[in-house]
Amino acid sequence: MKHILAILLLAVPFCFNSALAATDQQTKMGTCNKEATGKKGDERKAFMKQCLSAKPAADAPAAATAAAPATQQGKMKTCNTEATGKKGDERKAFMKECLKKAA
């Protein structure tokens with residue numbers, strides 16, 4: 001009986017730990033809510049929508065992403081845009097060279 005009680009007492013904090021921890025979305029909601037102080041009605045609704053949908057600035061600056069696409073997907077996107085108008089073997093050769101350069 002004592003063992004069961006001890007196990008239950010040790011397990012209780014683990015059960016509630018995830019419920020008490022604030023998620024990123026909850027943190028973002030709190031921040032946006034504080035910034036929206038004083039706004040009412042449609043103005044507040046529009047502000048909250050914009051604030052909550054905004055990406056965090058720490059993710060990746062747009063200029064750095066455009067200058068050097070780091071992922072394969074980014075390289076493909078850039079080369080694909082540059083290959084507009086090319087078809088067949090010409091496009092295939094261009095994409096091969098472009099992807100080598102991007103690496």
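Note that this is a predicted model, so its numbers are computed, not measured.
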What distance do [X] atom [atom1] and [Y] atom [atom2] have between them, rounded to the nearest 0.5 Å?
| X | Y | atom1 | atom2 | value |
| --- | --- | --- | --- | --- |
| Asn33 | Lys28 | CG | NZ | 14.0 Å |
| Met29 | Gln25 | CE | CD | 8.0 Å |
| Met48 | Glu35 | CE | CD | 9.5 Å |
| Met95 | Glu82 | CE | CD | 9.5 Å |

Original post:
By side chain to side chain contact (heavy atoms under 4.5 Å, CB included), which residues pair with Gln73, not counting sequence neighbours?
Top reply: Thr71
**OP:** Under the side chain to side chain contact (heavy atoms under 4.5 Å, CB included) rule, collect the residues that match up with Lys39, sequence neighbours excluded.
**Re:** Glu43, Arg44, Phe47
